[in-house]
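Note that ligands are numbered from 1 as they come in the structure, with each ligand's atoms numbered from 1 the same way.
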Amino acid sequence: MSEWWRDAVVYQVYIRSFADGNADGIGDIAGLNSKLEYIAELGVDGIWINPWYPSPLNDGGYDVADYRDVDERIGTLAAAEALVERAHSVGLKVLLDLVPNHTSSEHPWFVEALASEPGSAARSRYHFRHGRGDRSAPTNWRSVFGGPAWTLAADGQWYLHVFDPTQPDLNWDNPDVVAEFEAILRFWLDRGFDGFRVDVAHALAKDPTWSDFEDTGLDDLPPGSHPFFDRDELLRVVQRWRSVLDEYDGRMMVAEAVVPIDRLARYLGPDRYHQAFNFSFLEAGWDAGRVRSVIEDSLALGTSQTWVLSNHDAVRHATRFGLPDGVDAKRWLLDGPHHLLDPDRGLRRARAAALLMLALPGSAYVYQGEELGLPEVWDLPTDRLEDPIWIRSERSVKGRDGCRVPMPWTEEGPSFGFGGPDPWLPQPEWFGRYSAERQANDASSTLMMYREALERRRQLGGGVTIVDMGGDVVAFRRDSGHLCVVNMGSSPVPMPPGRLVVASGDVGTGTLEPDTAVWIGDVV
Ligand code: GLC
């Protein structure tokens, strides 16, 4: 059976912001189709497409109203079927985003639940409960987006939503829910899709005692004791999904499980997920000690590694790395001060981090635009923000729109080649400088570095040995005779001997400059 995913590089397509074929301001399947060659030429093995299902878009499509169709602004089911075929013909696998923790409040099931009696079968597909006393929610749980995790329905019952009130949580103890998602998996697998990225995979089980709880974060809690994150019961569901996937050849699922690294292994294995994103790597910052220990802890899991630097929920790493250590990038978006940002340093480090990630064993997920060194658009006007976090946090957290701004394809022209004149989020005037068009003609560009690294990466293989080159340097050797060295310190270090395979910045003086990474070949 094909285990293509074990060392694959998967390119994340945030479809609404990727390419807009019909110029209505929203990226779509036609646009993605027109860029498949670009993705294939980059040298990746597959794509993961963020949710494209019919949705009121209260949370960027993570509020799904119909799991078996495509939103009409994005395309049609027929276009989706044609896309997967064409992607396969250019050598790309296609993963979809499965959103099993919650539906949209516009999903027919939830509409039916609201119209039904307390205690009805329709309500038991979700978590409806009576409050405590007069107008007090069943528990004190807080929503991830801010505010209470319960909303009062018209007849006095409350329903649970770990995210937005328009994203009611499904009850995974309900057999209808279990059966429905197995059917949804088969629906897409039968159409040739290669698997799924599973949204909030750590949230499917809820504490059946419905107790109050003071949230101190998963790190400080006994394992499995959080009322709605990382509970042991959720693995039952996963095992069923895995047996469905195993009926098909070469399919996979990758979990978005936001849990401490020592808990991640439970999600993985031959009867569980194939992979789970390594968010500890994303969060390690520019600190050699931290990065080394995340790499060591991750390798110790002994499973397929899944490295990631950016995604549609994180401040883009070209900006994160341009901020002083210790600054919380998400807060900084709102509070600044913005002079703290050093964009050149951010880009240098982003390029070096990419070489680090791509030299590690296992697979890597590349978020659209990171191959262009695209920074966060941190100064989006607040009246254009769409992320529910902005409102739910009472305007204290700006949210994730700044990493979702539509891609710059050309240096000039309407929406820098994205599509029509009026993209759903405004692009800054400097976006064209980062365009794929401009970078394709510049041998020293970030795009060309990604292409080169992705091509050369195919020569890398075998195990990893961490090499000690000083406290501020992350260095490791692959069994294929390649050495990856990243200088995270503030002074140059000697360049190790050997054949230079790829570099993230200028080299040639016999030293490796700060914020720079290289791959060296023929290392004995
Ligand atoms: C995941 C998604 C995020 C979404 C949330 C709720 O974390 O990546 O974008 O808001 O789930 O579905």
Side-chain angles (χ1 to χ4, degrees), residues 10 12-18 27 47-65 67 71 95-107 110 126-127 141-147 149 151 160-170 172 181 184 196-204 206 218 226 228-230 234 253-259 264 267 273 275-280 282-283 306 308-316 330 365-369 376 385-393 397-405 424-425:
V10 178
Q12 180 189 350
V13 175
Y14 194 75
I15 189 154
R16 287 201 298 151
S17 301
F18 190 61
I47 57 176
W48 145 36
I49 305 173
N50 284 98
W52 59 5
Y53 314 102
S55 164
L57 294 183
N58 289 316
D59 181 23
Y62 283 94
D63 44 332
V64 179
Y67 290 84
D71 193 291
L95 306 180
L96 293 181
D97 212 313
L98 185 75
V99 189
N101 180 63
H102 42 262
T103 68
S104 161
S105 52
E106 292 184 18
H107 189 283
F110 193 71
Y126 294 89
H127 294 292
W141 302 356
R142 308 284 298 169
S143 147
V144 172
F145 288 165
T151 288
L160 177 70
H161 50 87
V162 167
F163 293 90
D164 193 68
T166 62
Q167 293 169 300
D169 279 52
L170 285 164
W172 274 93
F181 272 82
I184 293 165
F196 304 92
R197 174 267 188 190
V198 179
D199 189 56
V200 279
H202 55 304
L204 298 187
K206 312 288 167 0
L218 284 179
H226 190 286
F228 50 87
F229 284 152
D230 194 33
L234 61 81
M253 45 182 189
V254 51
E256 185 213 21
V258 188
V259 299
L264 210 52
Y267 289 78
Y273 289 100
Q275 294 183 325
F277 295 123
N278 189 333
F279 294 121
S280 307
L282 186 153
E283 285 158 6
T306 312
V308 47
L309 285 167
S310 271
N311 62 31
H312 65 293
D313 292 327
V315 175
R316 282 188 178 274
K330 287 196 168 166
Y365 282 70
V366 170
Y367 179 44
Q368 69 179 45
E376 183 86 1
L385 297 180
E386 297 214 354
D387 189 344
I389 289 181
W390 170 241
I391 299 297
R392 298 278 297 166
S393 70
V397 183
K398 222 170 162 184
R400 302 159 292 177
D401 293 305
C403 66
R404 301 174 177 179
V405 174
W424 69 279
L425 281 174

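- When Asp199, Val99, Ile184 are each tested for a side chain to side chain contact (heavy atoms under 4.5 Å, CB included) with Val64, only one passes: Val99.
- In summary, of the residues considered (Asp387, Val315, Leu385, Ile389), a side chain to side chain contact (heavy atoms under 4.5 Å, CB included) with Lys398 occurs for Leu385 alone.
- For the pairing with Val254, the side chain to side chain contact (heavy atoms under 4.5 Å, CB included) check across Phe196, Trp48, Tyr273, Tyr365 returns one residue only, Tyr365.
- Applying the ring-ring contact (aromatic ring centres under 6.0 Å, His included) criterion to Phe145, with sequence neighbours excluded, gives Phe163.
- Across every non-hydrogen atom of Ala201 and Tyr267, the tightest pair is O-CE2, 4.0 Å.
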So what's ligand 1 close to, N/O to N/O, under 3.5 Å?
from	atom 1	to	atom 2	distance (Å)
ligand 1	7 (O)	Glu256	OE1	3.2
ligand 1	7 (O)	Glu256	OE2	2.7
ligand 1	8 (O)	Arg197	NH2	2.9
ligand 1	8 (O)	His312	NE2	2.8
ligand 1	8 (O)	Asp313	OD2	2.5
ligand 1	9 (O)	His312	NE2	3.0
ligand 1	9 (O)	Asp313	OD1	2.7
ligand 1	9 (O)	Arg400	NH1	3.3
ligand 1	10 (O)	Asp59	OD1	3.2
ligand 1	10 (O)	Asp59	OD2	2.6
ligand 1	10 (O)	Arg400	NH1	2.9
ligand 1	11 (O)	Asp199	OD1	2.8
ligand 1	11 (O)	Asp199	OD2	3.2
ligand 1	12 (O)	His102	NE2	2.9
ligand 1	12 (O)	Asp199	OD2	2.8

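- By the 4.0 Å N-to-carboxylate-O rule, Asp313 lies close enough to Arg404 to be salt-bridged with it.
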